[in-house]
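Comments concern the structure below.
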Amino acid sequence: MNQDYIQPDNWCIIEEGFDAERVKSSESLFSIGNGAMGQRANFEEQYSGNTFQGSYIAGVYYPDKTKVGWWKNGYPEYFAKVLNAPNWIGINIEINGEELDLAKCTQVSDFRRELNMKEGIYTRSFSAVLQNGTEIEVNVRRFLSLDLDEAGFINYQIKPLNKDAAIVFKPYLDAGVHNEDANWEEKFWEPLQAQHTDNRGFVTARTFKTHFTATTFMHNTIVLGGSPQTITPQASNSEDHVAFSYAISCPQGQTAAIQKIGGYTVSMNHENTQQAAEQVIDQALALGFEAYETKQKEAWARIWEMSDITIEGDVKAQQGIRFNIFQLNQTYLGKDSRLNIGPKGFTGEKYGGSTYWDTEAYCIPFYMATKDQQVARNLLAYRYNQLDRAIENAGKLGFKNGAALYPMVTMNGEECHNEWEITFEEIHRNGAIAFAIFNYYRFTGDYSYIPEKGLEVLLGIARFWHQRSTFSTYRNQYVILGVTGPNEYENNVNNNWYTNYIAKWCIDYALEQTDRIKAEYPADYSRIMAKVQLGEEERAAMQKVADNMYFPYSEEHGVYLQQDGFLDKELITVADLDKSQRPINQKWSWDRILRSPYIKQADTLQGFYFFEDHFTKEELAKHFDFYEPFTVHESSLSPCVHSIQAAVLGRMEQAYTFYLRTSRLDLDDYNKEVEEGLHITSMAGTWMSIVEGFGGMRVRDNALHFEPRIPTQWEAYSFKINFRNQILKVSIGQNETQFALEGNEPIRVYVFGKEILVEPNGLVTV
């Protein structure tokens with residue numbers, strides 16, 4: 001834990017007291033989004049202190065040319081940047097001739113931020129004394145509408161406390177923005193047009209290279225003492241900026257406010273983006289701020305009805321899981337199959353891209369269980385739609401005949417990661433794509449996806465593993481050389497066990513599904529084979545690789561080795577590492593890290609998580625005991641997997657410790673980097689820590705299985721699962737577990753192997 005200023009609360013994220021040192025951290029933590037756009041919690045008014053300005057539009061990106069000191073064949077030409085979008089929230093404020101700026105006020109008191117996760121509304125309030133002696137009270141409410149997802153709403157209220165005040169509200173739009181992480185200091189937006197009429201402003205800009213066009217818009221209403229005012233604003237605009245100025249006299253003790261509607265309309269969705277912006281403003285004004293605020297609360301209530309996890313007796317644990325669920329839903333709601341789940345969502349720029357293997361390995365289980373299965377199917381379709389690009393990516397590296405290598409990072413299917421040890425070597429990501437198809441069918445029972453789309457993906461991936469493997473005459477087996485496993489603290493290693501294991505599994509699974517589709521879906525089989533041209537000779541060669549894959553193993557330790565050279569390292573555990581050296585990724589040279597035994601995240605144990613049924617619990621325990629002591633958990637994806645496995649092994653204190661770390665990773669800033677943005681995709685792992693870890697939920701033989709456990713710190717917890725279009729609520733206490741079913745058909749579940757029948761609208765206690 002590196003910070004502890006967020007107040008414990010079941011439903012809200014709360015900060016009390018103004019501290020300039022934590023402004024950037026809070027800008028991340030209080031971020032808001034609605035699936036279509038999002039923004040950091042920047043102040044609306046001018047702030048001259050240290051800040052990271054950020055607004056983002058889903059699916060809009062820029063191909064920032066790769067910056068390296070050398071070039072190798074196959075190197076990605078660009079790193080796809082999530083674009084800092086034009087700023088629409090800005091409202092500069094002048095009070096009695098002085099600009100309001102919290103960095104310059106003589107006193108700031110009663111400062112409070114609150115992100116109400118139950119309602120999806122962000123509020124900020126404070127009292128301040130300006131240098132001119134004017135005392136004010138400020139209250140701000142902001143939300144991004146779920147119902148009208150191209151619009152956001154701000155209500156900014158000012159009350160002068162010690163004298164009358166001449167207040168000037170200066171709302172603006174600014175397309176002259178830049179990315180903090182730009183490689184070449186390039187501008188990403190080309191301004192096209194800036195216009196204003198009455199109380200409406202529009203700035204239309206186009207991204208260089210990718211040519212996304214976006215109209216950023218605003219509408220402003222001035223309110224005094226609760227009554228809307230008719231004020232003709234002064235207006236100004238440049239090529240990328242529109243600003244209004246509204247002057248109003250506010251008596252002491254009265255409240256003056258500006259209600260600002262703003263947002264984006266984008267060429268992905270509209271032919272004429274400015275015309276669309278006009279229509280969004282009309283829709284917003286037709287109902288007004290209060291009506292859309294009510295709709296916002298209702299929309300979030302529907303989301304929470306299905307996705308909430310309740311925890312009794314542990315406020316910090318409760319706050320942590322709801323924060324994770326809230327941010328996941330702010331980032332992706334499953335409405336648009338062109339979109340995906342970026343590691344930072346709408347909260348920062350680090351990592352770039354919108355899609356990592358995180359989606360398939362960590363996020364799909366959350367979306368499958370808490371939403372309609374179509375949402376998860378859309379995530380699978382996203383990869384199918386980019387299969388041709390995956391084949392192109394493999395072709396750039398010399399692979400042939402339809403072999404597909406899915407990118408480590410992408411916006412459009414093309415690889416755009418700019419670190420060679422990731423781009424070329426972290427090829428295990430291919431396995432997660434295939435595993436997600438298997439996992440989707442296992443959970444939903446919807447096999448139709450595989451003959452319709454999935455088999456082509458599976459065969460492309462299998463062909464890649466076939467060609468990427470090398471026959472070793474020394475071992476008389478197939479090996480996979482020069483890779484980076486999930487543990488990114490080892491690069492260019494040979495025979496990473498997890499990579500080899502998932503490669504074998506992918507080939508086996510692809511060929512099994514080919515046989516099934518041939519037998520059960522002959523028309524689809526004929527269509528697919530005509531397209532992919534898979535012959536018997538190639539099939540036999542692929543199967544030979546799978547059947548003869550090499551897996552490094554230590555007889556001395558009785559464990560699979562993470563890679564061939566793991567035992568050559570100086571095996572000093574994390575417990576014996578000087579705490580002043582942590583985190584090692586901020587204290588050590590990369591050379592030293594690569595030679596160390598330290599593991600960034602689950603690697604061999606990631607394989608034991610995916611393929612749990614392939615191994616005994618005793619084997620899991622032996623591998624957990626061997627590898628976890630060397631794990632520094634400096635990836636956000638690490639604590640959740642270890643929490644699940646500790647729970648499986650009945651080590652509840654350890655499981656609970658890992659759970660707190662994953663659920664409060666950002667709230668408590670464990671990795672000292674929250675100011676850069678939140679860890680959105682790992683938040684799905686937090687959900688898994690409870691449902692799959694403590695709840696022990698698995699799907700085996702078309703049925704739900706549970707091995708419920710509960711931390712001693714909790715009195716009870718509950719969650720819901722949408723399993724094959726029936727909603728099962730699971731409530732777990734210290735001494736009993738209850739199952740309640742919302743559905744039309746009875747469902748059988750297994751609790752520690754014992755069959756339980758749950759009737760519709762019934763309650764079963766175990």
Side-chain angles (χ1 to χ4, degrees), residues 1-33 38-55 89 91 100-105 107-129 136-144 152 154-158 300 314-327 330 344-348 660-661 663-680 683 686:
M1 181 188 299
N2 293 302
Q3 67 184 21
D4 190 23
Y5 69 85
I6 299 300
Q7 303 297 308
D9 187 273
N10 284 326
W11 275 109
C12 296
I13 306 303
I14 299 168
E15 174 188 13
E16 294 181 340
F18 179 69
D19 183 345
E21 294 299 316
R22 63 193 191 207
V23 165
K24 289 174 71 174
S25 293
S26 292
E27 287 173 344
S28 294
L29 294 174
F30 291 83
S31 294
I32 56 176
Q39 56 197 207
R40 292 170 59 81
N42 305 126
F43 298 158
E44 291 84 359
E45 75 277 4
Q46 175 181 318
Y47 181 65
S48 58
N50 197 12
T51 179
F52 173 9
Q53 298 288 311
S55 297
I89 71 166
I91 308 171
L100 173 59
D101 181 344
L102 289 183
K104 297 179 179 179
C105 291
Q107 181 181 331
V108 178
S109 59
D110 301 320
F111 182 92
R112 190 177 196 272
R113 298 190 204 232
E114 178 178 298
L115 182 59
N116 187 320
M117 300 181 290
K118 189 174 186 178
E119 299 177 348
I121 296 171
Y122 164 59
T123 59
R124 180 169 59 100
S125 59
F126 60 89
S127 297
V129 180
I136 59 170
E137 178 183 286
V138 172
N139 287 277
V140 189
R141 298 177 72 79
R142 191 199 311 178
F143 63 93
L144 299 183
I154 300 171
N155 188 12
Y156 196 111
Q157 299 179 328
I158 302 174
W300 273 104
D314 189 339
V315 175
K316 282 201 165 186
Q318 177 69 87
Q319 184 181 44
I321 187 58
R322 283 188 173 140
F323 182 66
N324 285 253
I325 294 170
F326 179 71
Q327 293 294 347
Q330 287 202 126
K344 292 293 182 189
F346 300 121
T347 71
L660 273 189
R661 178 160 181 167
S663 69
R664 299 190 65 86
L665 178 72
D666 292 317
L667 291 175
D668 295 338
D669 197 14
Y670 275 92
N671 289 346
K672 299 183 180 180
E673 59 183 12
V674 73
E675 66 180 34
E676 299 174 342
L678 305 178
H679 295 85
I680 300 299
M683 291 177 171
T686 304

Find the distance between [atom1] ([X]) and [atom2] ([Y]) and round it off to the nearest 0.5 Å.
X    : Y    : atom1 : atom2 : result
S25  : D19  : OG    : CG    : 9.5 Å
D101 : F43  : CG    : CZ    : 9.5 Å
I32  : L144 : CD1   : CG    : 4.0 Å
T686 : L660 : OG1   : CG    : 10.5 Å
K316 : D668 : NZ    : CG    : 5.5 Å
L665 : Y670 : CG    : OH    : 8.5 Å

Taking the side chain as every heavy atom from C-beta outward, state whether [X] and [Y] have any atom pair closer than 4.5 Å.
X    : Y    : result
L115 : L29  : no
I14  : R112 : yes
Q319 : Q7   : no
Q327 : M117 : no
Q3   : V674 : yes
I89  : Q39  : yes
E27  : V23  : yes
C105 : L100 : yes

Legend entry - Polar contact flag, side-chain donor to acceptor under 3.5 angstrom, R141-Q157: no
Legend entry - No-hydrogen, no-angle side-chain donor-acceptor test under 3.5 Å, Q53 and T51: yes
How far apart are the closest heavy atoms of [X] and [Y], and which atoms are they?
X    : Y    : answer
G49  : A103 : N-CB, 3.8 Å
Y156 : E45  : OH-OE1, 3.0 Å
A41  : R113 : O-NH1, 3.0 Å
F111 : F18  : CB-N, 3.6 Å

Expected output: side-chain [X] to main-chain [Y] donor-acceptor under 3.5 Å:
X    : Y    : answer
E675 : K24  : no
R40  : F52  : yes
D666 : D669 : no
S127 : E137 : no
D110 : S125 : no
N116 : K118 : yes
N324 : S663 : yes
S28  : G677 : yes

Inset, instruction - Check whether NZ of the Lys or CZ of the Arg R22 lies under 6.0 Å from the centre of the six-membered ring of Y5 and within 45 degrees of that ring's axis. - result: yes
Is it true that [X] and [Y] have a side-chain N and a carboxylate O under 4.0 angstrom from each other?
X    : Y    : result
E15  : R124 : no
R664 : D4   : no
R142 : E44  : yes

Inset, instruction - Please name the residue in the list Y122, W11, W300, F30 that meets the ring pair (Phe, Tyr, Trp, His ring centres under 6.0 Å) test with F326. - result: W300
